[in-house]
Colleague: 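This is the structure I have questions about; it appears just below.
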Amino acid sequence: MDVSIVIPARDARPYLDRCLTSALVQRVRKEIVVVDDGSTDGTAELLELYAAYHPDAVRVVRLDGLAGRGAGRPRNVGLQHATGRYVFFCDADDYLGAEALERMVAMADRNGSDIVLGRIAGHGRRAPVSMFTRNTERAGLADSAVYNSLCCFKLYRRDLLERHRIRFAEGVLVGEDLHFTVHAYCHAGVISVVADYDCYHLVARPDGSSVMQQPDSRDPVAWLAMIRGPIRLMTEHIPPGPLRDHLLGRHFRLDAFAQLGAPFLAADEVRRKDIAEGVAALCDEWLTPGVYERLHRTDRERLAALGDVDRLARLARIENAAVRRRLTGLRWEADRLVVSGTAALDGMRVHHGIYLVLRARRDPAAEVVVPAGYDGDEFTALVDVGALDSGIWDLRVAIELEGVVRSGRLGADRDDDVARPAPRLIDGVVAMPYFTRDNGNLSVDIGGHLRTVPGNARLTRTRWSLGHRLVMDGEVTVAGAIPEASVVRRVVWRERRTGGEYAEPVVALPGGGFTARPAVGGFAPGTWDAYLEVELGGPPARFRIEADAATVAKPCRLRAAALLRSVRPYATPGKGKLSAVVRKITARALVRRFLR
């Protein structure tokens with residue numbers, strides 16, 4: 001048995017069909033263990049039907065005694081009945097992607113993984129994202145974001161769970177999976193991530209009846225009390241040092257200081273004092289110098305203000321204030337992009353600084369911060385585009401007030417006369433500012449990763465030479481400029497029907513010229529289209545080579561016995577692109593020509 005899918009179910013009748021169907025279609029050897037936790041809405045009857053129709057796959061376990069005291073007990077009971085090499089926990093109102101377990105088991109078997117995280121998609125509920133930037137065969141706890149995700153919706157090696165008696169906390173309505181997942185992380189030898197597929201779909205019930213949708217499910221004081229258990233469990237297994245500080249940093253950032261944001265504003269004066277005291281108690285016990293170094297600036301401000309409830313409330317209001325921003329100007333100044341606009345925090349009259357933040361799309365941790373000159377709400381920033389690494393960079397405007405930084409994407413709201421600047425070639429790399437298709441926000445493509453690189457390659461002369469080679473002379477421009485010779489790499493011929501390719505290096509000449517000598521006579525029969533390939537800091541860019549009839553050499557017949565080819569270069573009608581038709585000369589055609 002590959003996987004035991006454990007599903008706790010309590011009054012989940014409207015969602016069970018989708019959940020169980022998604023489990024049944026998984027292309028792995030599986031068993032589905034459904035634990036009915038005292039349902040009264042027809043869930044039990046539906047489970048009986050599934051067990052009757054799928055006796056080899058579905059097993060139903062019914063709990064006696066107290067029910068509805070959280071998912072911890074039914075998950076533990078399901079784990080007791082599991083027999084698979086791996087265990088996956090799925091809630092009854094959620095569902096699996098069709099290829100989820102196939103992909104996750106393959107990842108685990110390939111790497112000997114103890115835990116595999118599969119990308120989670122949220123439907124009305126917030127899903128974790130930081131750990132799913134890319135597939136990772138072996139992710140370390142200390143140098144990855146996997147510990148940010150402490151929900152239990154992962155693939156676990158069952159031997160790991162049994163060897164270390166890893167179980168869910170029972171008798172609590174929220175947080176039972178944090179205890180389980182923290183314990184599993186502490187013993188996992190190999191952790192892997194499947195980030196290129198939506199493995200798990202996290203669903204909000206339309207009627208708001210799930211435990212996590214209840215108004216008091218994230219009561220800040222109760223949460224601060226609950227989180228002490230998982231933190232203490234982690235510190236019992238992880239000795240003092242950088243790894244423990246890294247893991248503690250996650251708990252302070254997402255579990256402790258997060259309660260001083262929106263939950264703090266929603267609380268009354270008495271509760272605010274209780275929240276502050278709860279955070280202070282965690283700090284007194286576990287906030288080490290190593291953890292302090294890992295805190296964001298906003299959290300350091302909160303730490304300094306723990307004894308001042310009014311200042312904590314002011315910091316929370318700043319953190320939750322909407323960022324009003326508008327793009328008013330965008331232009332090139334030499335090789336710098338000049339970005340102008342207005343920015344302010346809603347309800348705040350002052351600020352202490354405005355910045356542009358450029359964030360690499362493939363690595364959100366990679367940021368370039370550009371201080372802006374400002375006068376009131378108006379700002380102007382000069383972005384040194386040539387200093388950006390290859391990739392897509394998304395622009396945000398950030399406002400600082402009392403040590404709290406708020407930011408928002410820039411560009412969707414802009415003046416009517418703000419246009420996209422033309423692409424620019426900077427030190428052999430193409431830079432292309434653009435507005436995103438979905439929301440119209442400002443981004444910069446360095447190297448041509450998503451945007452089509454504007455360029456032109458044109459023939460000036462062609463002729464045949466020895467070896468049945470077509471000598472091609474031409475010139476190229478990129479983004480309206482002459483590129484450096486080092487970026488012009490090769491001519492690529494692509495067969496129109498099969499997609500087969502033949503590439504020949506080019507000799508780049510000063511002033512944008514190039515010459516190539518492809519052995520067109522050796523091509524297989526077919527119709528071949530010619531491209532010039534250049535490297536501009538990203539994926540190779542190809543420009544269809546332009547030509548006209550006056551610059552294209554006449555057809556050539558190759559009579560060598562080994563070839564027997566006819567080659568006809570030509571300029572395509574209309575747009576005038578260079579192509580060549582290569583045909584095999586048959587014996588019958590040779591005889592006909594001889595008889596003429």
Colleague: Run the numbers on F435 and L327 for side chain to side chain contact (heavy atoms under 4.5 Å, CB included), then give the verdict.
Modeller: CA-CA 12 Å; F435 296 107; L327 183 65; 3.8 Å; yes
Colleague: For F88 and Y200, take the angle between the two ring planes, folded into 0 to 90°, and tell me which bin it lands in: parallel under 30, tilted 30 to 60, perpendicular over 60.
Modeller: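 Judged by the thresholds at 30° and 60°, the geometry between F88 and Y200 is tilted.
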Colleague: Can a donor-acceptor pair be found, under 3.5 Å and without considering hydrogens, that links the side chain of T298 to the backbone of V404?
Modeller: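 Side chain of T298 to backbone of V404: no pair is present.
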Colleague: Of R158, R85, R59, which is the lone residue that meets salt bridge (charged side-chain N to carboxylate O under 4.0 Å, His left out) with E31?
Modeller: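 Looking at R158, R85, R59, the match for E31 under the salt bridge (charged side-chain N to carboxylate O under 4.0 Å, His left out) is R59.
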Colleague: In plain terms, say whether R250 and D255 are close enough for a salt bridge, that is, a side-chain N and a carboxylate O under 4.0 Å apart.
Modeller: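 Result for this pair is yes, salt bridge flagged.
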Colleague: Do the rings of H183 and H187 sit parallel, tilted or perpendicular, given the 30° and 60° boundaries?
Modeller: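 Taking H187 first and then H183, their aromatic rings sit tilted (interplane angle of 30° to 60°).
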Colleague: Just checking, any donor-acceptor pair under 3.5 angstrom between side chains of S443 and R409?
Modeller: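 Yes, a side-chain donor-acceptor pair sits under 3.5 Å.
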Colleague: Pick from D109, D159, D114: which one makes a side-chain hydrogen bond (donor to acceptor under 3.5 Å, both in side chains) with Y86?
Modeller: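 The side-chain hydrogen bond (donor to acceptor under 3.5 Å, both in side chains) with Y86 is passed solely by D109 among D109, D159, D114.
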Colleague: Among residues at least two apart in sequence or on other chains, which ones pass side chain to side chain donor-acceptor pair (under 3.5 Å) with E367?
Modeller: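 So E367 forms a side chain to side chain donor-acceptor pair (under 3.5 Å) with R359.
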Colleague: Check step by step if side chain to side chain contact (heavy atoms under 4.5 Å, CB included) holds for L260 and L315.
Modeller: CA-CA 9 Å; L260 298 174; L315 293 174; over 6 Å; no
Colleague: For D41 and S39, does a side-chain donor sit closer than 3.5 Å to a side-chain acceptor?
Modeller: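 Their side chains do not contain a donor-acceptor pair, so the 3.5 Å distance test is not met.
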Colleague: Judged by atom type as modelled, is there a donor-acceptor pair below 3.5 Å linking the side chain of T136 to the main-chain atoms of R134?
Modeller: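 Yes.
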Colleague: Tell me if a side-chain donor or acceptor on S390 pairs with a main-chain N or O of G537 at a distance below 3.5 Å.
Modeller: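 Checked: pair present.
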Colleague: So, are D196 and R103 salt-bridged, with charged N and O less than 4.0 Å apart?
Modeller: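 So D196 pairs with R103 through a salt bridge.
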Colleague: Once the angle between the rings of F257 and F252 is folded into 0 to 90°, is it parallel (under 30°), tilted (30 to 60°) or perpendicular (over 60°)?
Modeller: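 Aromatic pair F257/F252 classed tilted.
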Colleague: Angle class for the F180/F89 ring planes (parallel below 30°, perpendicular above 60°, tilted otherwise)?
Modeller: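 Ring orientation of F180 relative to F89: perpendicular.
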Colleague: Could you check whether Y147 and H251 have their ring centres less than 6.0 Å apart?
Modeller: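 Close enough - the centres of the two rings lie under 6.0 Å apart.
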Colleague: Quick one: does R13's side chain have a donor or acceptor within less than 3.5 Å of a partner on T43's backbone?
Modeller: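 Side chain of R13 to backbone of T43, a donor-acceptor pair under 3.5 Å: no, none is there.
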Colleague: Are side-chain N/O atoms of D445 and H449 paired as donor and acceptor at under 3.5 Å?
Modeller: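 The criterion, which ignores hydrogens and geometry beyond distance, is not satisfied for H449 and D445.
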Colleague: Quick one: does any side-chain atom of S4 pair with a main-chain N or O of T83 as donor and acceptor, under 3.5 Å?
Modeller: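 Side chain of S4 to backbone of T83, a donor-acceptor pair under 3.5 Å: yes, one is there.
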Colleague: Run N441 and L395 through side chain to side chain contact (heavy atoms under 4.5 Å, CB included) and show every step you take.
Modeller: CA-CA 8 Å; N441 288 314; L395 274 73; over 6 Å; no
Colleague: Passes side chain to side chain contact (heavy atoms under 4.5 Å, CB included), M432 versus V453? Steps please.
Modeller: CA-CA 8 Å; M432 296 182 287; V453 178; 4.0 Å; yes
Colleague: Using salt bridge (Lys or Arg N to Asp or Glu O under 4.0 Å), reason through R75 and D37 one step at a time and then give a plain yes or no.
Modeller: CA-CA 10 Å; R75 285 182 181 142; D37 189 20; over 6 Å; no
Colleague: Do NZ/NE/NH1/NH2 and the carboxylate oxygens of R271 and D219 come within less than 4.0 Å?
Modeller: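 Yes, this pair counts.
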Colleague: Okay, side chain of R361, backbone of G391: is any donor-acceptor separation there less than 3.5 Å?
Modeller: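 The answer is no, because no donor-acceptor pair under 3.5 Å joins these two groups.
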